[in-house]
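Heavy-atom basis, side chains included; hydrogens, waters and symmetry copies ignored. Quick note: residue numbers are just sequence positions, from 1. Quantities reported herein were computed from a predicted structural model and do not represent experimental measurements.
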Amino acid sequence: MVDELGVAVVGFGWMGRVHTQAYARLPHHYPQLPLRPRLVTVAEEVPGRAEEAAERFGFASATRDWREVAADPRVRAVSITAPNFLHREIGVAMAEAGKHIWIEKPVGLTAEDARAVADAAAKAGVQGTVGFNYRNAPAVEAARDLIASGEIGTVTHARFRLFSDYAAHPDGALTWRYERARGGSGVLGDLASHGADLARFLLGDIASLTADTAIFLPERARPSGATAGHALAAGGEPGRVENEDYVSCLLRFASGARGVLEACRVSVGEQNNYGFEVHGTRGAAFWDFRRMNELAVSRGTTYQDQPVSTVHVGPGAGEFAAFQPGAANAMGYDDLKVIEAYRFVRSVAEATPYGATLVDAVHSAAVLDAMTRAAREGRWTDVEAG
């Protein structure tokens, strides 16, 4: 017997759609789940958008006020895909209302915001899953197992990169993403948060760091109306970009390993160039999101001129078997969100956390806060414990 889990989505831009589609696909990939999501309601303040989403995806109702979701007894779990500055208010309110929450990173604007949501969820006894989707790639999980097994020796140093061009156009609209009060720390919260999570997921806690940041496009045009995604707004009234386009960071891990984390949202010619290289005393592992199902590995005892092999991950690596029957059959970005939805619903069903949690969000946010302090003060900065 499969029970229903009434779910709601708050904020229906691109990510709200991705969450909704992930819920719909769960029975296809994970028929063994004892809970089956039922789309109860969608909340979006932009006029007409919630109603359109309800009609297209099959939500039973629609509203412009997310507070109605918190008060709705039909809703047991909520996806929070609203802008960053709303994460804390909505997340705390949903937890206090007894709703399990699947919330997008970075869970607010600061570590204090993320901690407030985590504390509210813990106090209410609800589950909290966070949208660190890149750790869900089977090749990334295979890399973690490889590193933990010692096959590449003791990790010495690593590099994490997140380069994109989504904000590279000079006519890109001055949306909330570029305001300090609503978008927080810019590319730090948007992309470097993923890098911080991947670094900790693979190599353990980050102890200290130093960082440099920059704004390369200091002005953008204000949009004339509601926007979605990364719209253009040529000819609008110019306004100042308040948060970071770029960050580079040197890391010291608690293990003694060293690292580099670099992220940029205005990298012309780079489309989702995300990945890592991890080096050890006997080998290395390399992953590129654009070749998501491949893991490049060097291992052995040759050391000098040691070759690198490409491994096409397959069943046995992470959740690959839920999507494809054999190695080298490709998975995509949306599949990572289905895995995330599965781990969220499984957490609810078993009252045990699976996948990235609010605790992970606090750790990532603490790294971002340390980056901000280090860049401002021009010195090495300790990462406060999550």
Side-chain angles (χ1 to χ4, degrees), residues 84-85 87 105-115 130 132 134-135 155-168 177-218 240-268 270 272-279 289 360-386:
N84 300 353
F85 69 98
H87 286 181
K105 55 81 202 169
V107 191
L109 305 181
T110 63
E112 181 183 354
D113 285 350
R115 194 172 290 111
V130 180
F132 289 127
Y134 299 110
R135 63 154 65 189
V155 173
T156 54
H157 62 102
R159 185 167 74 99
F160 299 84
R161 69 183 187 282
L162 298 107
F163 300 143
S164 184
D165 65 356
Y166 69 79
R177 290 183 181 276
Y178 305 102
E179 299 175 6
R180 181 72 62 183
R182 298 198 294 167
S185 54
V187 76
L188 277 69
D190 196 17
L191 295 181
S193 59
H194 283 298
D197 181 68
L198 280 173
R200 180 170 169 267
F201 182 69
L202 293 171
L203 305 180
D205 288 340
I206 297 167
S208 61
L209 56 83
T210 189
D212 184 36
T213 62
I215 298 173
F216 295 133
L217 294 177
R240 184 170 65 91
V241 172
E242 299 175 348
N243 55 24
E244 297 84 350
D245 287 330
Y246 171 85
V247 61
S248 61
C249 186
L250 299 178
L251 309 170
R252 291 175 179 165
F253 291 87
S255 66
R258 299 300 196 261
V260 177
L261 192 160
E262 191 177 15
C264 185
R265 63 189 181 188
V266 296
S267 298
V268 175
E270 300 279 17
N272 301 324
N273 181 358
Y274 310 151
F276 56 76
E277 300 95 45
V278 177
H279 297 268
F289 169 65
D360 296 309
V362 174
H363 279 282
S364 175
V367 172
L368 303 186
D369 283 1
M371 288 182 189
T372 301
R373 292 196 305 274
R376 182 178 64 244
E377 299 170 5
R379 63 178 179 84
W380 280 89
T381 300
D382 290 341
V383 176
E384 296 179 1

Side-chain contact, heavy-atom cut-off 4.5 Å: V247 with D212?
no

Determine the minimum heavy-atom distance between R180 and S185, stating which atoms define it.
NH1-CA, 3.6 Å

Can you tell me how far apart CZ (R240) and CD (E179) are? Round to the nearest 0.5 Å.
10.5 Å

V107 and A361: which non-hydrogen atoms are nearest, and at how many Å?
CG2-CB, 3.6 Å

Backbone N or O of S193 within a donor-acceptor pair of the S364 side chain at under 3.5 Å?
yes

Can a donor-acceptor pair be found between the side chains of N243 and R265 at a distance below 3.5 Å?
yes

With rounding to the nearest 0.5 Å, note down the distance linking CG in L191 to CG in N272.
8.5 Å

From W380 atom CH2 to R252 atom CZ, the distance as rounded to the nearest 0.5 Å:
4.0 Å

F276 side chain near L202 side chain, heavy-atom distance below 4.5 Å
yes

Atom pair CG (D360) and CZ (R200), whose distance is rounded to the nearest 0.5 Å
5.0 Å

Is the shortest heavy-atom distance from the side chain of L188 to the side chain of T213 under 4.5 Å?
yes

For R161 and N273, test the side chains for any donor-to-acceptor distance below 3.5 angstrom and give the result as yes or no.
yes

Side-chain (D113) to main-chain (L109) donor-acceptor, under 3.5 angstrom:
yes

Is the H194 ring parallel, tilted or perpendicular to the Y134 ring (thresholds 30°, 60°)?
perpendicular

Please tell me if the side chains of S255 and V155 come closer than 4.5 Å, counting only heavy atoms from C-beta onward.
no

Tell me the closest heavy-atom pair linking S164 and Y274, and the distance in Å.
CB-OH, 3.8 Å

Of all the heavy-atom pairs spanning C264 and Y246, show the shortest one and how long it is.
CB-CD1, 3.8 Å

What is the minimum heavy-atom distance between A211 and A374, and which atoms define it?
N-CB, 3.7 Å

Once you round to the nearest 0.5 Å, how far does OG1 of T210 lie from CZ of R373?
11.5 Å

Using 0.5 Å steps for rounding, measure from the CD atom of E262 to the CZ atom of F160.
13.5 Å

Would you say CD of E112 has more than 12 non-hydrogen atoms from neighbouring residues, nucleotides or ligands within 6.0 angstrom?
no

Is there side-chain contact between R379 and T381, with heavy atoms separated by less than 4.5 Å?
yes

Using a 3.5 Å distance criterion without hydrogens, assess whether the side chain of D369 forms a donor-acceptor pair with backbone atoms of T110.
no

For the pair D190 and Y166, evaluate side chain to side chain donor-acceptor pair (under 3.5 Å) and give the outcome as yes or no after the intermediate values.
CA-CA 11 Å; D190 196 17; Y166 69 79; 2.3 Å; yes

Considering all heavy atoms, the nearest S208-D382 contact:
CB-OD1, 3.7 Å

Considering only heavy atoms from C-beta outward, does the side chain of D245 approach that of I215 to under 4.5 Å?
yes

Would you mind reporting whether V260 and L251 have side-chain heavy atoms less than 4.5 Å apart?
no

